[in-house]
Number of protein chains: 2
Amino acid sequence: MIVNGQTVADGAATTLREMILAGQLRPGERVHQDQLAELLGLSRTPLRTALATLATDGLLDYEANRGYRVRSFSVDTIRSVFEIRSVLEAQACRIAARLGCSEAVLARLDALVASGDEILASGTLDPAALPQWRRMNVEFHETIIRAANNPLLGEFVARTHNVPMVSDRVILWDDYDIIHRSHDDHHRIARALRSSEGERAAAIMSEHVSFAGDLLVERLRNDPEAALQQLIATAGSGSKKPKKAEK
Amino acid sequence: MIVNGQTVADGAATTLREMILAGQLRPGERVHQDQLAELLGLSRTPLRTALATLATDGLLDYEANRGYRVRSFSVDTIRSVFEIRSVLEAQACRIAARLGCSEAVLARLDALVASGDEILASGTLDPAALPQWRRMNVEFHETIIRAANNPLLGEFVARTHNVPMVSDRVILWDDYDIIHRSHDDHHRIARALRSSEGERAAAIMSEHVSFAGDLLVERLRNDPEAALQQLIATAGSGSKKPKKAEK
DNA sequence: AGGCGCCAAAATGTATCCAATTTTTCAAGA
DNA sequence: TCTTGAAAAATTGGATACATTTTGGCGCCT
């Protein structure tokens, strides 16, 4: 209730989601309702609503009368979710091309690609530029998904982001060549969509996402701690659009 | 709490899910918490937990301070979810083939296909045989998904079933030729998996699901009421495996 | 010493109560 | 007659209190 257009339970859900994705609540850890409620400064009722939501989202495991535990995702699971994201986003390309992208969408993609070019123009990866890059990347992917005009597809891709690490907001920002190649994919996807080559766009997108997954998995396997720390540091919060209070 | 291994809230969630998928609660309709709680014979607290769950599952829309409404799915949305199911199950075929199906899995698929042959042997569609057919169909699809050994993929496909009509339990049981052709797909998919032809199995599966979607959408467009009634009558409840009470 | 069982403590699940917001009703004014 | 406003009713959201289940510990028996 309180002030804005969302309830305490909603707020708790987003807070908890961030805590989990950021690793503040460790996988496998039991969730003490009393403790957590006090920590967040609310009663158990809205907290439990939030917990039920997150469990349905797949971030928590639930067992009747034994409460919630933070779900632990194996590296293998993370890998597999990238596979799912890959086929879903590829399908988005197919559908978008089939429907035909509006000039507005194509122009938006071109603009995003151009803004990426600008960031890469220096030939190095400036850490300060990461947030801007992330915005560009998220926007690019979301624009295509929106262009598929398939609301459920968007929802499913969004659920994909509920798995730690599997998000277009998570970027390994340390290898210029890889980022450059990744952005080259963006170029080609935008071009393919402009010429209505859906299958081609889909193929590039599929590889685009799959490779990002492979890369991340490799890093996690080699040096889990380091990769995790870097990712948590760079993940940041997403695109929050809370309705403004109206009073 | 009560007796079995699940809570009142869990029970309410499954009950409500069935009510919504069966059309007992009409799309767009507001959910009165007091009424519904009394109807189900429980207090608002577990009901609200169930509502939060269903909202996260995408069966209800929620607006802060204004409660829940039954989500309405346009025919177009249903169509689009079949597209999603199609790519996901196709991907399951690819992965299963890549991993290599165990002989147990292949034998199971063969057995299921054979049981389908038996049902179709008469050359007509006996309404009495529908439940058995449905079990066969559900098992076939689930076996392949399990063979992909990708738990998240299974979860995502399961979420697909949260959309009314989009389920391998929903079967249009009135056209022998179509059912026969559909089962021929099963034959070919099983054979392709046995020979580790993942791409081939995926292609068949993709068309298998897509066509079912097209067919359903066509029926819904032509005569929504009739199709709906037939489907509700034939849908039945799924594969419930509640843990037995241990006391 | 180790295992078993019972009792107490803690944690979860549900019901009830209260607060805050939304919706409806009803009337007054233009 | 239609609109606008405010107050009452209805409904949702949150906090507290209670019941049930699980869990941990202690003593007893083998």
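All values reported here derive from a predicted model rather than from experimental measurement. Sequence lines set the chain letters: A, B, ... in the order given, protein chains first and strands last, and positions in each chain run from 1.
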Problem set entry | Atom pair distance, as rounded to whole Å: CG in A:L36 and P in C:dA10 | 19 Å
Problem set entry | Short side-chain N/O contact from A:Y62 to OP1 or OP2 of C:dG13, under 4.0 Å | yes
For this session: With sequence neighbours left out, write down each residue that passes salt bridge (Lys or Arg N to Asp or Glu O under 4.0 Å) with B:D10, or none if nothing qualifies.
Result: none
For this session: Take the protein atom CG of B:N65 and the nucleotide atom C1' of C:dT21, then report the distance between them rounded to whole Å.
Result: 5 Å
Exercise. For A:L59, which of A:L51, A:N162, A:V70 qualifies under side-chain contact (heavy atoms from CB on, under 4.5 Å)?
Worked result: A:N162
Seminar exercise, completed: So CG of B:L25 and CG of B:L36: to nearest 0.5 Å the spacing works out to 6.5 Å
Let me have the donor-acceptor pairs involving side chains of residues 78-86 of chain B, under 3.5 Å, with sequence neighbours excluded, atom names and distances please.
residue : atom : partner : partner atom : Å
B:R79   : NE   : B:D214  : OD1          : 3.2
B:R79   : NH2  : B:D214  : OD1          : 3.1
B:S80   : OG   : A:N150  : OD1          : 3.0
B:S80   : OG   : B:T77   : O            : 2.7
B:E83   : OE2  : A:R98   : NH1          : 3.1
B:E83   : OE2  : A:R98   : NH2          : 3.2
B:R85   : NE   : B:E89   : OE2          : 2.9
B:R85   : NH2  : B:E89   : OE2          : 3.2
B:S86   : OG   : B:S206  : O            : 3.2
B:S86   : OG   : B:S206  : OG           : 3.1
B:S86   : OG   : B:S210  : OG           : 3.2

Problem set entry | A:R30 or B:G41, whichever maps to the more 5' nucleotide of DNA chain C | A:R30
Exercise. Residues two or more places apart in sequence or in another chain: which of them pass side-chain hydrogen bond (donor to acceptor under 3.5 Å, both in side chains) with B:R71?
Worked result: A:E155
Seminar exercise, completed: Applying salt bridge (Lys or Arg N to Asp or Glu O under 4.0 Å) to B:D57 and not counting sequence neighbours gives B:R17
Problem set entry | Euclidean distance, atom CD of residue A:E63 to atom C1' of C:dA11 [Å, nearest integer] | 14 Å
Seminar exercise, completed: The bend of the helix from C:dA1-D:dT30 to C:dA30-D:dT1, taken between the axes of its five terminal pairs at each end and rounded to 10°, is 20°
Exercise. Which nucleotide in the list C:dT14, C:dG13, C:dT22 gets nearest to the side chain of B:V8?
Worked result: C:dT14
Exercise. Quick one: B:D10 CG to D:dT21 C1', roughly how many Å, whole number?
Worked result: 15 Å
For this session: Mind checking salt bridge (Lys or Arg N to Asp or Glu O under 4.0 Å) for A:R30 and listing every partner two or more places apart, or none if nothing turns up?
Result: none
For this session: Whole angstrom is fine here: how far is it from CD in A:Q6 over to P in C:dT21?
Result: 15 Å
Seminar exercise, completed: Under a 4.0 Å heavy-atom cutoff, the residues of residues 44-57 of chain A touching DNA chain D are A:T45, A:P46
Exercise. Got a sec, which residues hit side chain to side chain contact (heavy atoms under 4.5 Å, CB included) with B:T15, two or more places apart in sequence or on another chain?
Worked result: B:M19, B:L40
Exercise. Quick one: is B:Q33 getting a side-chain N or O under 4.0 Å of the D:dG13 phosphate, OP1 or OP2?
Worked result: yes
Exercise. What integer distance in Å separates A:R66:CZ from D:dT21:C1'?
Worked result: 11 Å
Seminar exercise, completed: Of A:A64 and A:L42, the one whose closest nucleotide on DNA chain D sits nearer the 5' end is A:L42
Exercise. What integer distance in Å separates A:D34:CG from D:dA15:C1'?
Worked result: 13 Å
For this session: Sequence neighbours left out, what pairs pass ring pair (Phe, Tyr, Trp, His ring centres under 6.0 Å) with at least one residue falling in residues 42-69 of chain A?
Result: A:Y62-A:Y68
Problem set entry | Interatomic distance, A:E38 CD vs C:dA11 C1' [rounded to whole Å] | 15 Å
